[in-house]
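For reference, the structure is listed below as structure tokens.
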Amino acid sequence: MEISVELKQRTAGSKPNALRRSGHIPVNLYGHDGDKSLLLTLDAKSVENLIKKARIGKTPVEVSIPELDWKGTTVIKEIQTHPWKNFPYHLSFFAVKD
């Protein structure tokens, strides 16, 4: 079973809480280009589906970023959730070298 998601680049100056109110979850992608990280977003519905299917640090996830012409295999490094609502509010992906 292959899991794939399409991330969008976060606009400069966008606030995480404003993103969440608009139905998007902030995402960081590490390891795609050396020590640089990318600030991205993913819609909340896709995050829910991803969490149901993927395990942290184990399941490969195919990620594409159309704005940057980047596509690669990643794993979920971390999922931050709200303390008592159990709502995901931030994801971190780590790129895997093929």
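This is a predicted model, so every value here is computed, not measured.
- At least one side-chain heavy atom of Arg10 sits less than 4.5 Å from a side-chain heavy atom of Pro26.
- Side-chain N or O atoms of Thr74 include one that pairs as donor or acceptor with a backbone N or O of Val61 at under 3.5 Å.
- Rounded to the nearest 0.5 angstrom, Ser22 OG and Lys15 NZ are separated by 14.5 Å.
- The closest side-chain heavy-atom distance from Leu38 to Asn28 is not below 4.5 Å.
- By the 4.5 Å heavy-atom criterion applied to side chains, Val63 and Trp70 are counted as neighbours.
- Nearest heavy atom pair, residue Pro88 against residue Val47, reads CG-CG1, 3.8 Å.
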Show your reasoning for whether side-chain contact (heavy atoms from CB on, under 4.5 Å) applies to Ile3 and Thr59.
CA-CA 8 Å; Ile3 302 170; Thr59 309; 3.6 Å; yes
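- Both the sub-6.0 Å distance and the 45° axial angle are not jointly satisfied by Lys77 relative to the ring of Phe93.
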Check the pair Leu91 / Leu50 against side-chain contact (heavy atoms from CB on, under 4.5 Å), numbers first and verdict last.
CA-CA 11 Å; Leu91 270 77; Leu50 180 65; 3.9 Å; yes
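- Between Glu2 and Pro60, the closest side-chain pair of non-hydrogen atoms is not below 4.5 Å.
- No continuous path of ILVMFWY side-chain contacts below 4.5 Å connects Leu39 to Leu19, so the two sit in separate hydrophobic clusters.
- Counting heavy atoms from C-beta outward, Lys8 and Leu40 have side chains that stay 4.5 Å or more apart.
- Side-chain contact check for Leu42 versus Val5: some heavy-atom pair is nearer than 4.5 Å.
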Might you work through the side-chain hydrogen bond (donor to acceptor under 3.5 Å, both in side chains) test for Asn49 and Ser46, ending with a clear yes or no?
CA-CA 5 Å; Asn49 292 334; Ser46 296; 5.6 Å; no
Run the side-chain contact (heavy atoms from CB on, under 4.5 Å) test on Asp43 and His24 for me, step by step, so that the C-alpha distance in whole Å, both residues' side-chain angles and the decisive distance to 0.1 Å come before the verdict.
CA-CA 4 Å; Asp43 64 280; His24 298 283; 4.0 Å; yes
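- The distance from atom CD of Glu6 to atom NZ of Lys71, rounded to the nearest 0.5 Å, is 9.0 Å.
- Side-chain contact between Leu29 and Ile65 is present, with at least one heavy-atom pair separated by less than 4.5 Å.
- Within the structure, the side chain to side chain donor-acceptor pair (under 3.5 Å) test picks out no pair touching residues 83-92 (sequence neighbours left out).
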Kindly determine whether Ile76 and Phe94 satisfy side-chain contact (heavy atoms from CB on, under 4.5 Å), including the steps that lead there.
CA-CA 6 Å; Ile76 299 174; Phe94 191 81; over 6 Å; no
